[in-house]
Asker: 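One structure, pasted below without further comment.
Atom set for the values below is all heavy atoms of this structure, side chains included, hydrogens, waters and symmetry mates excluded.
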Amino acid sequence: MQASGQQPQNRNRGRKAIEPAQLAKLEEFLGRAELSNLMRRQSICALIQGNRVQSVFQELYVSIPDLQQTVLPEYDLGSNKWLFQHLTQTLDTRMLSMLMRNDDSTISSSFSINLNVSTILSPQFLNFDSSLKAIARGTVVVELQKIDIFADMGAYIFARDFLRERGYRVCLDGMTHLTIPFIDRERLGLDLVKLLWTPDMGDEAQGDRLTALKEHIDRCGRARIILCRCDSDEAVRFGQSLGITMFQGRHIDTLLTERRVG
């Protein structure tokens with residue numbers, strides 16, 4: 001499940017670390033609560049000639065900050081990575097259930113969901129897969145976190161092959177300009193890679209480092225990279241200087257809204 005919805009660490013200062021007792025309370029809530037009001041969507045867009053924005057697909061996720069504020073406002077849900085990992089598996093199941101009973105035609109195709117590898121190998125995912133029309137699977141992207149992939153490469157390869165055989169596209173989420181050099185997209189059998197923008201990215205990628213970053217992006221395939229967390233025009237311009245054409249973030253949301261209003 002989508003982990004990028006976590007609050008930045010500085011917003012969690014003063015909150016208590018979550019423990020198993022709080023996790024049990026949270027999972028009890030998730031078992032009976034209607035989570036549709038916590039579901040968010042954000043478009044991944046291509047910027048084409050003249051910076052015209054065109055939606056490619058939209059990411060669906062449960063907002064971790066809103067869930068935290070609703071159920072356990074005094075706790076930091078991301079403070080214990082193992083408990084958080086367990087929580088995301090529960091959220092995976094709830095998200096799949098919501099999508100199976102979904103009557104919103106705008107999220108019946110062309111969307112992405114961030115799942116754990118273990119979820120893809122579960123009966124719940126098989127049920128979800130059966131609920132999709134064959135033509136829709138080709139428009140669905142499954143996003144995986146790097147820590148989950150490398151924790152068990154055998155399980156990942158099995159899950160990846162199943163997904164691709166069924167027509168889904170597979171995306172590696174959470175890469176940075178420091179980690180992307182260590183990823184071979186083709187050998188991992190990935191269709192897409194998400195690269196996180198940070199404000200210091202442009203400062204750190206100067207001279208030879210910028211040349212090296214361009215080479216790594218070219219090796220991955222410029223058309224296969226999504227620059228995400230683009231909250232400013234600076235992020236988009238930097239991405240375009242590297243040849244990237246797909247973007248996600250608040251600045252992109254603004255451009256998309258302006259296009260609709262215009």
Side-chain angles (χ1 to χ4, degrees), residues 1-6 23-44 55-71 77 83-145 148-149 152 155-174 189-192 194 226 228 248:
M1 173 51 58
Q2 166 72 357
S4 63
Q6 279 183 263
L23 181 64
K25 177 182 176 182
L26 182 56
E27 292 197 319
E28 180 186 356
F29 169 82
L30 292 174
R32 55 183 166 77
E34 174 54 58
L35 294 184
S36 57
N37 61 331
L38 292 175
M39 192 173 82
R40 304 289 180 262
R41 60 181 83 185
Q42 187 174 55
S43 290
I44 288 82
S55 180
V56 180
F57 60 90
Q58 56 185 340
E59 180 179 359
L60 307 178
Y61 61 96
V62 171
S63 170
I64 297 298
D66 291 344
L67 176 64
Q68 176 175 280
Q69 189 60 37
T70 300
V71 188
L77 298 187
L83 293 182
F84 184 74
Q85 181 77 7
H86 185 81
L87 171 63
T88 63
Q89 292 169 354
T90 302
L91 288 172
D92 283 355
T93 302
R94 291 307 312 276
M95 173 64 85
L96 293 176
S97 296
M98 280 193 291
L99 290 173
M100 279 191 285
R101 65 172 190 268
N102 160 58
D103 58 1
D104 183 347
S105 62
T106 66
I107 53 174
S108 60
S109 63
S110 300
F111 63 84
S112 74
I113 46 176
N114 197 308
L115 299 176
N116 289 279
V117 169
S118 60
T119 301
I120 298 163
L121 304 177
S122 70
Q124 289 88 349
F125 187 81
L126 290 177
N127 292 337
F128 165 74
D129 176 70
S130 299
S131 73
L132 285 179
K133 294 178 180 177
I135 194 170
R137 291 191 193 103
T139 71
V140 175
V141 177
V142 176
E143 300 186 27
L144 301 171
Q145 296 292 325
D148 197 25
I149 287 179
D152 188 339
Y156 159 68
I157 291 170
F158 188 86
R160 177 205 67 195
D161 289 350
F162 169 75
L163 289 171
R164 299 190 77 177
E165 182 182 317
R166 300 293 289 168
Y168 300 95
R169 286 179 291 168
V170 183
C171 176
L172 173 60
D173 189 17
L190 298 162
D191 299 289
L192 298 165
K194 276 193 172 181
I226 301 165
C228 55
Q248 179 184 17

Asker: What pair of heavy atoms forms the shortest contact from Asp173 to Gln145, and how long is it?
Answerer: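 Shortest heavy-atom contact: OD2-NE2, 3.0 Å.
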
Asker: To the nearest 0.5 Å, what is the distance between CD on Gln68 and CD1 on Ile64?
Answerer: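 Going from CD on Gln68 over to CD1 on Ile64, the span is 8.5 Å.
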
Asker: Does CZ belonging to Phe29 count more than 12 external heavy atoms closer than 6.0 Å?
Answerer: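 Enclosed: over 12 neighbouring heavy atoms sit under 6.0 Å from CZ of Phe29.
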
Asker: Ala159 and Val117: which non-hydrogen atoms are nearest, and at how many Å?
Answerer: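 So the two residues come closest at CB-CG1, 4.0 Å.
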
Asker: Given Tyr168, which partner from the list Thr139, Asp129, Ile113 fulfils the side-chain contact (heavy atoms from CB on, under 4.5 Å) test?
Answerer: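 Option passing the side-chain contact (heavy atoms from CB on, under 4.5 Å) with Tyr168: Asp129.
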
Asker: What are the two closest heavy atoms between Gly189 and Arg160, and how far apart are they?
Answerer: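 What the structure gives for the nearest pair is O-CD, 3.5 Å.
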
Asker: About how many Å separate CZ of Phe162 and CD1 of Ile120, when rounded to the nearest 0.5 Å?
Answerer: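 Going from the CD1 atom of Ile120 to the CZ atom of Phe162 covers 9.0 Å.
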
Asker: Using side-chain contact (heavy atoms from CB on, under 4.5 Å), reason through Asp161 and Ile157 one step at a time and then give a plain yes or no.
Answerer: CA-CA 6 Å; Asp161 289 350; Ile157 291 170; 3.8 Å; yes

Asker: Given Arg40 and Asp66, is the side-chain contact (heavy atoms from CB on, under 4.5 Å) satisfied, shown in steps?
Answerer: CA-CA 10 Å; Arg40 304 289 180 262; Asp66 291 344; 2.5 Å; yes

Asker: Roughly how far, to the nearest 0.5 Å, is CD1 of Ile149 from CG of Leu172?
Answerer: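 Reported to 0.5 Å precision, the distance equals 4.5 Å.
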
Asker: What's the shortest heavy-atom distance between Ser118 and Gln89, and which atoms?
Answerer: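 Heavy-atom minimum between the residues: OG-NE2, 3.5 Å.
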
Asker: Under the criterion side-chain contact (heavy atoms from CB on, under 4.5 Å), I'd like the reasoning laid out for Ile44 against Val141: C-alpha separation, chi angles, the key distance, then a yes or no.
Answerer: CA-CA 11 Å; Ile44 288 82; Val141 177; over 6 Å; no

Asker: So Arg164 and Asp191, side-chain contact (heavy atoms from CB on, under 4.5 Å) or not? Walk me through it.
Answerer: CA-CA 9 Å; Arg164 299 190 77 177; Asp191 299 289; 3.1 Å; yes

Asker: Less than 4.5 Å apart, side chain to side chain, heavy atoms only: is that true for Phe125 and Leu163?
Answerer: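 In contact.
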
Asker: Distance only, no hydrogens: is a donor on one side chain within 3.5 Å (strictly under) of an acceptor on the other, for Gln85 and Asn116?
Answerer: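 The answer is yes; a qualifying pair exists.
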
Asker: Which atom pair, heavy atoms only, marks the closest approach of Leu190 to Cys171?
Answerer: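 Taking Leu190 first and Cys171 second, the nearest heavy atoms are CD2-C, 4.4 Å.
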
Asker: With Phe111, which residues qualify under ring-ring contact (aromatic ring centres under 6.0 Å, His included), at least two apart?
Answerer: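 Per chain and number, Phe111 pairs via ring-ring contact (aromatic ring centres under 6.0 Å, His included) with no residue.
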
Asker: Decide whether Ser112 and Glu143 meet the rule of one side-chain donor and one side-chain acceptor closer than 3.5 Å.
Answerer: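 A donor-acceptor contact under 3.5 Å links the two side chains.
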
Asker: Taking salt bridge (charged side-chain N to carboxylate O under 4.0 Å, His left out) as the test, write out the residues that go with Glu165, two or more places apart.
Answerer: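 With neighbours one apart ignored, the set is empty.
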
Asker: At their closest point, which heavy atom of Leu38 faces which heavy atom of Leu67, and how far apart are they?
Answerer: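 Of all heavy-atom pairs spanning Leu38 and Leu67, the closest is CD1-CD1, 3.8 Å.
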
Asker: Quick one: pull up OG1 in Thr70 and CG in Leu35 and give me the separation to the nearest 0.5 Å.
Answerer: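 Going from the OG1 atom of Thr70 to the CG atom of Leu35 covers 9.5 Å.
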
Asker: Between Gln42, Gln248, Arg41, which is the residue that forms a side-chain hydrogen bond (donor to acceptor under 3.5 Å, both in side chains) with Glu59?
Answerer: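 Passing option: Gln248.
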
Asker: From Met95 CE over to Thr88 OG1, what is the distance, rounded to the nearest 0.5 angstrom?
Answerer: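 One gets 12.0 Å once the value is rounded to the nearest 0.5 Å.
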
Asker: What is the distance from atom CD1 of Ile226 to atom CG of Leu192, rounded to the nearest 0.5 Å?
Answerer: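 CG of Leu192 is found 5.0 Å from CD1 of Ile226.
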
